[in-house]
Amino acid sequence: MKIGVFDSGVGGLTVLRALLPRISNAEYLYLGDTARLPYGSKSQATIARYAVSSSQFLIDQGCEFLVIACNTASALALEEIRLTAKPHGIPVVGVIGPGAAAAAAETATRDALVIATSATVQSHAYAAACQLLGLRSIEKACPLLVPLVEEGWIGHSVTSEVVRIYLSELHQQAVDAGLQPDTIVLGCTHYPLLREVIETAVAELWPGQPPRVIDSAEATATEVERQLPSSSAGENAQAGHVRAQASFFATDSVTKFCQLGTRFLGQPVGEVKLVDLGG
Ligand code: DGL
């Protein structure tokens, strides 16, 4: 089984990282559309055009299953991607539904918080997915977090302060709306790298009962495993299999992809091929 994993950049490697231990006998093709990142500040039409051409690339490479490991593309272009994949009989899994379902599985209060890019928040895709599952939610755009992670400022005091400011605004919104959130969804592929910083801020703002952090990468990998034929899933991956099983493609600097990608994947990224998908 060839599984295509697509993100606007390296952030989707957090989803690949979650997939590898679950589905180890697949061949992965990962595409990071780094030349056109960030998607999160662009219009729906542009995001859909980029996401469709990226998905088409993976289909042309022979992928039989597509994982849209980008919250922004999943929120704004999942239908267009599905239409592209449908004639080939290729299933498509995005990250929004699994993220909302993971929050629904964890919450007792039925109130959830979501942090994401501006485009994802403006689409209200998470609010809609949460509502379908009977949850109330508040979404908060955190546009500075992607550039901070891209800069490698994971443990920097500036990043901690920015996270604290965003989350205290979100805390106030929750208080004003009378919500009692006990879950907070990381609705952007970059945010799992800030998990510790986010957990620290959440613990300060909600002393006693801090909302539990939900990583949509983990939830998405579980959903892919559920949708695959049982022969394709279930074996435990061994460390070192990544380079043997995954091919990496980027639309901009392969050097930068390798450096940043290693941090997102949690182990060295192998050879990265440069591809041109146009503008
Ligand atoms: N991959 C995007 C997401 O998960 C974040 C980066 C971007 O804005 O392109 O929403």
Side-chain angles (χ1 to χ4, degrees), residues 4-19 30-55 58 66-78 81 92-100 102 114-127 129 139-154 159 162-163 166 184-195 198 213-221 223 248-253 256-257 260-261 263-265 277 279:
V5 182
F6 153 63
D7 181 36
S8 54
V10 290
L13 290 169
T14 57
V15 178
L16 180 59
R17 185 178 182 165
L19 282 165
Y30 182 95
L31 171 65
D33 191 10
T34 44
R36 303 188 288 197
L37 176 136
Y39 281 20
S41 56
K42 300 203 165 65
S43 69
Q44 194 276 336
T46 301
I47 292 163
R49 184 159 55 85
Y50 291 173
V52 164
S53 69
S54 298
S55 303
L58 291 170
L66 285 185
V67 182
I68 310 307
C70 174
N71 286 264
T72 305
S74 298
L76 289 115
L78 202 62
I81 296 169
V92 178
V93 167
V95 286
I96 306 284
V114 181
I115 53 173
T117 64
S118 300
T120 299
V121 167
Q122 279 160 22
S123 77
H124 297 304
Y126 267 109
E139 303 155 293
K140 170 85 180 156
C142 304
L144 293 176
L145 298 188
V146 167
L148 286 167
V149 172
E150 288 280 318
E151 196 58 35
W153 285 21
I154 310 280
T159 307
V162 170
V163 166
Y166 279 140
I184 176 163
V185 178
L186 306 184
C188 172
T189 46
H190 281 61
Y191 299 175
L193 268 85
L194 298 175
R195 187 179 183 127
I198 291 167
V213 172
I214 307 288
D215 179 353
S216 59
E218 292 291 336
T220 303
E223 177 59 19
F248 300 94
F249 301 88
T251 55
D252 197 14
S253 166
K256 190 173 178 203
F257 186 99
L260 261 182
R263 183 173 299 162
F264 279 82
L265 191 60
L277 299 180

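Each ligand, and each atom within it, is numbered from 1 in the order the structure gives.
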Who gets closest to atom 2 (C) of ligand 1 by heavy atom: Cys70, Ser41, Ala69?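 When every heavy atom of Cys70, Ser41, Ala69 is considered, Cys70 comes closest to atom 2 (C) of ligand 1.
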Under a 4.0 angstrom heavy-atom cut-off, which atoms of ligand 1 come close to [X]?
| X | value |
| --- | --- |
| Tyr39 | 7 (C), 8 (O), 9 (O) |
| Ser8 | 1 (N), 2 (C), 6 (C), 7 (C), 9 (O) |
| Thr72 | 2 (C), 3 (C), 10 (O) |
| Asp7 | 1 (N) |
| Gly40 | 7 (C), 8 (O), 9 (O) |

Looking at every non-hydrogen atom in both residues, tell me the closest pair between Ala119 and Leu76 and how far apart they are.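 Nearest heavy atoms, Ala119 then Leu76: O-CD1, 3.6 Å.
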List the closest protein heavy-atom neighbour of atom 5 (C) of ligand 1: residue, atom name, distance to the nearest 0.1 Å.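 Protein heavy atom at minimum distance: Cys188 SG, 3.6 Å.
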Starting from the C-alpha separation in whole Å, work towards a yes-or-no answer on ring-ring contact (aromatic ring centres under 6.0 Å, His included) for Phe249 and Tyr30. CA-CA 6 Å; Phe249 301 88; Tyr30 182 95; 9.5 Å; no
Hey, what's the ring geometry for Phe257 with Phe248, parallel, tilted or perpendicular (30° and 60° as the breaks)?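 Geometry flag for Phe248 against Phe257: tilted rings.
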So, applying side chain to side chain donor-acceptor pair (under 3.5 Å) with Tyr39, which one of Asp7, Asp33, Thr72 is it?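 Only one option passes, and that is Asp33.
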N/O donor-acceptor pair under 3.5 Å between Thr251 side chain and Thr34 backbone: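 Checking the backbone N and O of Thr34 against the side chain of Thr251, a donor-acceptor pair under 3.5 Å is found.
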Taking heavy atoms and a distance under 4.0 Å, where does Thr189 meet ligand 1: side chain, backbone, both or neither?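 Both parts.
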So, Tyr191 and Asp215: side-chain donor and acceptor under 3.5 Å apart, yes or no?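 There is no such pair between these side chains.
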